[in-house]
Amino acid sequence: MPKTLINLDVDLLRTFVTIAHAGSFTRAAERLLRQQSTISLQIKRLEDALGQRLLDRTPRSVHLTPEGEAVLGYAQRILDLNDEMVSLVIEPQMQGSIRLGVPEDFATHHMSGILSRFVQAYPSVALEVTCDLTLNLLAGFRDGTFDIVLVKREQGAGAQGVRVWREPLVWVSGHHDFIAGGGPLPLVVSPEPCVYRKRAVDALNRARMRWRVSYTCSSLAGTLAAVRAGLGVAVLPREMVPHGLHVTDGQPLPELKDTEIALMTVRALAAPATKLRDHIIRCLGDGPEQAQRQTLTA
């Protein structure tokens, strides 16, 4: 008799891929809007169906087994084909508008490709994107100006939102050696409150290093121009540092904690906004490598 074929549940595969990308059952549950016990049961069902253990769990982390590594690529391809078919056949004429708020520097470096793929899949959906400081984005979100916002925050701060990005911060300078000068370290910062500014000040205070604010600017372009001109040292995510500027990651300056971006949505999301939310969460996936390799999910 021919061997019985196993028909895998796409929902189980989606849970497995989400956990693999998030590196955590807890974060995967947040992204899938499900209970952690539910996704644990789904992984058990998938492993039972395949007869292989796909994930090794410890109290602090989740790692793919060799079998899990092999399954992940196929699972991603199955999901991509499934989602492409759904977008093409069921929702080709989705219409509406989405009001999205994003920090200016993050939008410049990480969002253009993600939003481009979404617009190509749903050409009848209008995107209204506002780039601003996190403080203003949060105020607009509370006032009902946005459907979705991406905001900078301290690691693990608050219960609202889903963490979608984490990236190392570094000190950035031009060709000036401010340390050797012996005076207070001049800082190029954004207006308060700003996560990068707070990280810089807190790190310097812990290290008992003197500092002063030499230049304040709310835009990434203005910050980089000030650093190039030798007005001071700035704190930026490593991936946002352009060629030609000097990066200091640690000594002689104090170590900086990673930056964190959270996604927040209104409670009653329309269908187009729900699609964009899921697409952003999947594409960002907690880090720069994920943003570069992911495609649209329905």
With sequence neighbours left out, what residues match [X] under side chain to side chain contact (heavy atoms under 4.5 Å, CB included)?
X: T274; answer: L269, R277, D278
X: V119; answer: L127
X: I78; answer: L13

Scan R163, R199, R166 and name whichever one has a salt bridge (Lys or Arg N to Asp or Glu O under 4.0 Å) with E260.
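Answer to the salt bridge (Lys or Arg N to Asp or Glu O under 4.0 Å) test with E260 among R163, R199, R166: R163.
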R99 side chain vs T145 backbone, donor-acceptor pair below 3.5 Å
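The answer is yes, because a donor-acceptor pair under 3.5 Å joins these two groups.
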Kindly say whether D11 contributes a backbone atom to a donor-acceptor pair with the side chain of T15 at under 3.5 angstrom?
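At least one qualifying donor-acceptor pair exists.
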Do [X] and [Y] have side chains that get closer than 4.5 Å, going by heavy atoms?
X: P103; Y: D132; answer: no
X: L55; Y: T65; answer: no
X: V235; Y: V172; answer: no

Between I39 and F25, which heavy-atom pair has the shortest distance, and what is it?
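Closest approach of I39 to F25: CD1-O, 3.1 Å.
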How close do Q95 and P272 get, counting heavy atoms only, and between which atoms?
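Shortest heavy-atom separation between Q95 and P272 comes out as O-CG, 3.4 Å.
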Going by side-chain hydrogen bond (donor to acceptor under 3.5 Å, both in side chains), name the residues that satisfy it together with E192, two or more places apart in sequence or in a different chain.
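Not a single residue meets the side-chain hydrogen bond (donor to acceptor under 3.5 Å, both in side chains) criterion with E192.
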Identify each donor-acceptor pair in which a side-chain atom of residues 213-233 lies under 3.5 Å from a protein atom, sequence neighbours left out, and give them as a table.
residue, atom, partner, partner atom, Å
S214, OG, L187, O, 3.1
S214, OG, L231, O, 2.7
S219, OG, G222, N, 3.0
T223, OG1, S219, O, 3.0

Do you see a donor-acceptor pair shorter than 3.5 Å between the side chains of R14 and Q42?
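No - no donor-acceptor pair under 3.5 Å links their side chains.
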Taking ring pair (Phe, Tyr, Trp, His ring centres under 6.0 Å) as the test, write out the residues that go with F106, two or more places apart.
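Listed in chain order: H110, W165.
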Do I280 and V129 belong to the same hydrophobic cluster, where Ile, Leu, Val, Met, Phe, Trp and Tyr are linked whenever their side-chain heavy atoms lie under 4.5 Å apart, directly or via other members?
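Yes, it is one cluster - the side chains of I280 and V129 are joined through contacts under 4.5 Å.
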